[in-house]
Amino acid sequence: MIANPILVPRPEGLWCEAGRFFIDPVRAVDRALITHAHSDHARPGHAHVLATRQTLDIMAIRMGERFAAATQAAQWGEMIRIGDASVSFHPAGHVLGSAQIRIEANGQVIVVSGDYKRRADPTCAAFEPVACDVFITEATFGLPVFRHPDTRDEITKVLDVLARSPERSVVIGAYALGKAQRVIRALRDAGYDRPIHLHGSMIPLCAYYQSQGIELGDLRPATVESGRRGDFSGGVIIGTPSAIADKWSRRFPDPVVAFASGWMRIRQRAKQGGVELPLIISDHSDWDELTATISELNPQEVWVTHGREEALVRWCALHQRVARPLNLVGYEDEAE
Amino acid sequence: MHAFSRLLEALVLTPSRNGKLDLVADFFARAPDPDRGYALAAITGDLDIAAVKGATLRSLAAERVDAELFALSYDFVGDLAETIALIWPSSSTEATPPLGEVVETLSRATRPQALKLVTQWLDTMEPGDRYALVKLATGGLRMGVSARLAKQALAQFAAARGTMIAVEEIEEIWPAQTPPYRALFAWLEGRGTRPSGHALAPFRPVMLAHPLEEDALATLDLGAFQIEWKWDGIRVQAVSDGGVRRLYSRTGDDISTAFPDLVAAMDFEGALDGELLVGHFDGRALSIGSFSDLQQRLNRKSVAPALLRQYPACLRAYDLLVDGPDDVRALPLAERRIRLDRFAATLDPARFDVSPVLNAADIAALGQLRADPPHGLIEGVMLKRRDSAYLAGRPKGPWFKWKRDAMTVDAVLMYAQRGHGKRSGFYSDYTFGCWTDDPSAGGVLVPVGKAYSGFTDEELKRIDKFVRDNTVDRHGPVRVVRATADFGLVFEVAFEGLNASARHKSGVAMRFPRIARLRFDKPPHEADRLATLKQLLR
C-alpha cells in the first residue's frame, strides 16, 4: 500500500490535504472539485467549485445560477495549481462535461475517474487514459454478469416495435442528464427522423446539449395540450424514470414501456419495474470495460468506490493487483 | 433457438393476457416445424428433458470465472439459470442451433454427452439464448403461460390463416397429440385433416353455466330445470377408458397424480363430470369435508399416505358424458341423469356419489335453498334444463348458476402496490386489515386479505390519490398507507368464503375477495374486528 496517500476518504468526500479541497463532496464545503453534474456528485452550496465549463453550465441549469459562491472552469488537460497540488481534468466519457481529475502532489499521481465508460458516445468526449500511481474506479456494474451489448442493437429493438405496432407508442425511461440525450442521438443515428417528444423536465438539458453542437433533431414537449393523443401513435416519448412508472405515461396511446439502463440486463429487475422493453444502454463501464481499463492503466494501486466494490477487488486479487474498497457514503450505487 | 429465447423473455415481460396470446400466436406463425412444436410443448409442460443438472452447470460456470465472483454475482442476480447465462464467458458467437435440433439432440444424448453439448453451445450463444438453454437442459423451463392460453393461441393462429377452429376442438384432440405436433399444425394451417383424437381416456371440453340475472327470475320456467347444489370444490372430469384412467381439471390439465386414491377407485368404463371434494365414508354416505380439508390436497405433486387417510378425495357426480362405449353427451340431461344414477350405483360408495336433485316449488323456495345451504362449501344452486345436451363451453340458456350472496366485511386499507397492464402506474393492489380489538383498547390492524378488483376506473383514481397523499412508508414497491383509528380508508370487502390459515397472521384467508364499496364516510375504528370475521369460519 502507498504510504501517505495524497487523497483520503472523509465523511464529506475524498480530501486532498496538499490542495485543501474535496472531490465530489456530499456536503457543502469550502473548495470542491467536481467530476460531473449528476446530482449525487454535484451538490449545491460550496463556496468554490472547480469543474469543466459544461459541468458548471449544467449545474447552473439544474440548481440555479447561484449554486456556488464562486466557480472556475477547467480546460481539458490544463494544469491548475491549488496549494501544493496540481490538478487537471480529462474526459471520462460518462456524460457531457464529465471528467476524470488527475491530482499530483508529493511526487504521487492519483486519478479520480468519477463515473466513466469506454465505448463510443457521440454526446460527450471520449474517455482518455491517464497514467497514474493510484486509479480510483467506480464499480456500478462491477460484476461479471454485466456486459452491455452494442447500443445500436438495443435501439433496433425500439424501431422494431414501432414497425410492428404502428398504433402504439414507445415511452422510454431515461435519466434526464446524459442517458436521454444519448438515446435520442442513437435513435437519430439509426435513421429515426420523426419528432421525439420529451418529458418537460428534460427540455432544458436537451437544449443545452444542442447548444453545445450535439445534434438531437426535432424535439418537442410531450404535453397533451401540444398534441392530441393520436399524435403520439407510432412515436417515441422520453420520460424520466419516475415519470414512466407514474400517471404521466398513461396519456400516451397503448404505450410500450421501455427503460434504458445497464440494470435492464437482469430480467427480474425489468419485470419488477413494469418494463416491457428493456434497453441495456448504460453510461457506466461494464465488467469488461472496468477490468480492461485497470489492465491498460496498470496503476500501482486500484481504489474502488460506489457499486460492487467486493467483486472488483476480488478480480484485482486474482490478477495480482493491489486494490482496496473506499467505502464512501452518499453516492447512488444503483441509480442509472 | 434465438426466436424461442426471445419469446421466453417477452412472455416474462408482457403483463397482459392478450399481449401474451399475440406473442405466442405470432411465434407459431413465424417459427417452422419442429421448433414451434417443441416451444408449444415447453409451454404446456409436455417437454421435460433434464439432461444436465443445474448444480453441474453452476460449478462449470464458477470454474470459468472464479467461485467467489460467481457467488457474488448469484447473490445479486437471484436466479441461478440467469446468473449462469450472464456470467458464462462466450468465446465467439455463431449461429445458434434451432430449438428442434437442441431438443432432439439432447433427448437422445447420454448425460456426459449432454453436458458436453450444452457446454459447447453455451460457449457460442448470446446470454438470452444461454438462459433458455440452461432452463431447457436442466428441466426447469416454465414459460409463465397456461396450457389453456397456449391452445387459445393455437386457435388464434389458425384463425389468422382463415381456418376457424374452436379452442374446445383443439382441447378435445389434444391428449392424443405428441411433440412436435406436426399434424396438429398442418390441420390448423388448413394443410391437413383433423388429427385423430383417439387417445385413450381423452378430455372432453366442460360445459359451464351462466350466472342467473336476478331480473330473469320472474320469467324463469322453473319446471323445465333440474336443480342441484353448486359446490365450491374442484370441478373435474374422471375418465376411464380401456384401462387408462385420467382425472382432468376443467381446463383439461391432467391432475391424476395428485389424487391417486380417487384414481384407484375409478373402476369403470366411461367419463364422469363432477366435483372433487374431501369426503369421509361412514358406512352409509359420504360426509363432505371443509374447504380447508380440501386445501390440504391442492397443489401437491406427491401425496403422503397420512394425507390420503386423513383427507380422502371423493367425487360428487353431476353428469355422465360417456357410458361404457357410448358417448351420451348429445342426449338430454334427463336421460343422462337416469344413466348416471344407474352408472354410479356400481361404483365404490366411499369414493363416488351423485349430486342430489333438489326440489323447489317456486322461485321463493329456490331462494330459500340458495340462501341457506346445508354445507359451507356450497356456494349456491345450479339450474340445468332437463332437455339440455352436454355442450362444450358456456352456451347461453341451458345452464344457470345462482350463487349465494357474498359475505362482506368492513376493512381498512393498509398497503398498496402498483398494478399492471392498463392499470400500470396506478396503485391498484390493496392489502386491507381488521382490528384485533377495539383500537381504544390497544387493538391493532392485521392484514386479512388482498384485492385487485371490484372498483370502477373512477373509484380507482380516488383510491390512487388517497394512497399517494397518505403514504407513510415504502418497502420497495409497497406503499404503507396511513391507517389509524381516526384516519384511513375503509373498504367494504366482499368475499366468497373464509378459511382458517396458519400462514396468515390473522389466522384467516379469504376466497375471492374484492372491493364492494368505498366507505370514505366511515372512520376506521368502525371497521370490523377480527373476531367478527372468525365467526364466519365454519
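Throughout, protein chains are lettered first and strands after them, A, B, ... in sequence-line order, and every chain is numbered starting at 1. In what follows, every heavy atom counts, from backbone to side chain, and hydrogens, waters and symmetry copies are set aside.
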### Task
Counting only heavy atoms closer than 4.5 Å, note whether Ile266(A) contacts chain B via side chain, backbone, both or neither.
both
### Query
What part of Arg147(A) lies closer than 4.5 angstrom to a heavy atom of chain B: side chain, backbone, both or neither?
side chain
#### Entry: Cation-aromatic face contact Arg58(B)/Phe70(B), 6.0 Å, 45 degrees
no
### Message
Please tell me whether His41(A) and His94(A) form a close aromatic pair, meaning their ring centres lie under 6.0 Å apart.
### Response
no
[X] versus chain A, heavy atoms under 4.5 Å apart: side chain, backbone, both or neither?
X         : answer
Leu8(B)   : both
Glu126(B) : neither
Tyr131(B) : side chain
Pro89(B)  : neither

### Leading residue by heavy atom contact count with chain A [cutoff under 4.5 Å; candidates Asp79(B), Val12(B), Thr14(B)]
Val12(B)
### Query
Which one, Val65(B), Leu72(B), Leu13(B), leads in non-hydrogen pairs under 4.5 Å with chain A?
Leu13(B)
### Evaluation steps, side-chain contact (heavy atoms from CB on, under 4.5 Å), between Arg36(B) and Leu99(B)
CA-CA 8 Å; Arg36(B) 58 183 176 183; Leu99(B) 177 64; over 6 Å; no
## Note on the structure
Only residue of Leu122(B), Ile84(B), Leu69(B), Thr119(B) satisfying side chain to side chain contact (heavy atoms under 4.5 Å, CB included) with Arg64(B) is Thr119(B)
### Query
Of Phe466(B), Tyr430(B), Phe491(B), which is the lone residue that meets ring-ring contact (aromatic ring centres under 6.0 Å, His included) with Phe455(B)?
Tyr430(B)
### Message
Can you give me the closest heavy-atom contact between Ile294(A) and Val302(A), atom names plus distance?
### Response
CG2-CG2, 3.7 Å
### Query
Between Glu310(A), Glu276(A), Arg267(A), which shows the greatest number of heavy-atom pairs under 4.5 Å with chain B?
Arg267(A)
### Pairing of Lys117(A) and Asp121(A) as salt bridge, 4.0 angstrom limit
yes
